[in-house]
2 protein chains.
Amino acid sequence: MAETVDDRPEPPDSPCDIDCYCRLDGLMELLSRRYAMQLICVVGAIGPARYGEIEDAFDDVSSSTLSSRLDELVDADYLDREQYAEIPPRVEYDLTDDGDELCRRLQPLLEWAADRER
Amino acid sequence: MAETVDDRPEPPDSPCDIDCYCRLDGLMELLSRRYAMQLICVVGAIGPARYGEIEDAFDDVSSSTLSSRLDELVDADYLDREQYAEIPPRVEYDLTDDGDELCRRLQPLLEWAADRER
DNA sequence: CAGAATCCATTCGGATACTG
DNA sequence: CAGTATCCGAATGGATTCTG
């Protein structure tokens, strides 16, 4: 890698000085995956949510896809995964603090998107 | 241990009765493509924006990708494309009313995303 | 129940070259 | 300047099968 600038006081070569929304990679890339944004908001809405509940909410998502999305969001610390040693096994997902903040910021968007689809 | 009281009506056709953010396809699918959300906000920020300005703002987007994204957003009526019969040719993109509303609803998200990347 | 693993079709997006 | 066209590798997500 040629140039990795660790401290970015003011990128001199950035033509987009507004608020530089153009270079966003981490979170935006995560949110650009299928169901990611909806997933955050669904978990936010139905509180601690079990895997099955989430799966049902989407109704047409494959388990592999949902698993991936959950993993990614857990890894990125937007979701918290609590596993209980019970039979049958129970797992609950909930928003972390960051996830909660994210959810709040997604709300206006999804709300609007939902409105215009009906 | 009592279950959380659930007195929701339970619509028969929708397993996700909160606000049904799970079935969103149209807009969310559009926004899930690379640069789409940033693109809306950038155009919102630099007003009527020329193709070159937008391209420069992103600095690492390929012209084919940017073109696709622009086309999609124009087709979906979030962006307006104005072409002037000049030499050299000039094209300006601007937000439509829907695009403007979308931009406002994306703002909190991107703002936050930008903050946590620095 | 809550996934993990594997395989695979499709899609997406970048590079490159070319144009009105 | 503002794209379009083409090719192609990479990534994505679904189906299916299997498991603690």
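Just so you know, these numbers use all the heavy atoms, side chains as well, and skip hydrogens, waters and symmetry mates. Here is how names work: the chains are called A, B, and so on, in the same order as the sequence lines, proteins then strands, and each is numbered from 1.
- In this structure, A:S32 and B:L31 approach most closely via the heavy-atom pair OG-O, 4.4 Å.
- Going from atom CD1 of A:I87 over to atom P of C:dG3 covers 14 Å, rounded to whole Å.
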Nucleotide N/O to protein N/O under 3.5 Å, stretch nucleotides 17-20 of chain C:
none

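- Residues from residues 70-81 of chain A lying near DNA chain C, meaning a heavy-atom separation below 4.0 Å, are A:D71, A:R81 in numerical order.
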**Request:** Could you please spell out the steps behind the side-chain contact (heavy atoms from CB on, under 4.5 Å) verdict for A:E111 and B:Y21?
**Result:** CA-CA 8 Å; A:E111 201 174 294; B:Y21 292 154; 3.7 Å; yes
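- Taking atom CZ of residue A:R50 and atom P of nucleotide C:dC1, one finds them 8 Å apart after rounding to whole Å.
- Contacts of A:Y35 with the nucleic acid, taken as non-hydrogen atoms under 4.0 Å apart, involve only primed sugar atoms and P, OP1 or OP2.
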Do any N or O atoms of the protein come closer than 3.5 Å to N or O atoms of nucleotides 7-12 of chain C, and which pairs are they?
unit_1: C:dC12; atom_1: OP1; unit_2: B:R33; atom_2: NE; d: 3.0
unit_1: C:dC12; atom_1: OP1; unit_2: B:R33; atom_2: NH2; d: 2.8

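- Considering only residues two or more places apart in sequence or on other chains, A:E92 meets the side-chain contact (heavy atoms from CB on, under 4.5 Å) condition with A:P48, A:R50, A:Y84, A:R90.
- For DNA chain D, the outermost nucleotides in 5' to 3' order that have an atom under 4.0 Å from a heavy atom of chain A are D:dT12 to D:dG20.
- Looking only at distances, no side-chain donor or acceptor of B:T65 sits under 3.5 Å from a matching main-chain atom of B:V61.
- Contact annotation for A:S67: backbone-only contact, meaning every heavy-atom pair under 4.0 Å involves sugar-phosphate atoms and none involves a base.
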**Prompt:** Should B:R116 and A:D98 be marked as a side-chain contact (heavy atoms from CB on, under 4.5 Å) after you check the CA-CA gap, both sets of side-chain angles, and the distance that decides it?
**Reply:** CA-CA 11 Å; B:R116 31 189 19 234; A:D98 276 347; 2.7 Å; yes
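- Atom CD in A:E55 sits about 10 Å away from atom P in C:dG3, given to the nearest Å.
- Partners of B:R81 by side-chain contact (heavy atoms from CB on, under 4.5 Å), not counting sequence neighbours, listed by chain and number: B:V74, B:Q83, B:V91, B:Y93.
- At distances below 3.5 Å, at least one donor-acceptor pair connects side-chain atoms of B:T96 with backbone N or O atoms of B:D77.
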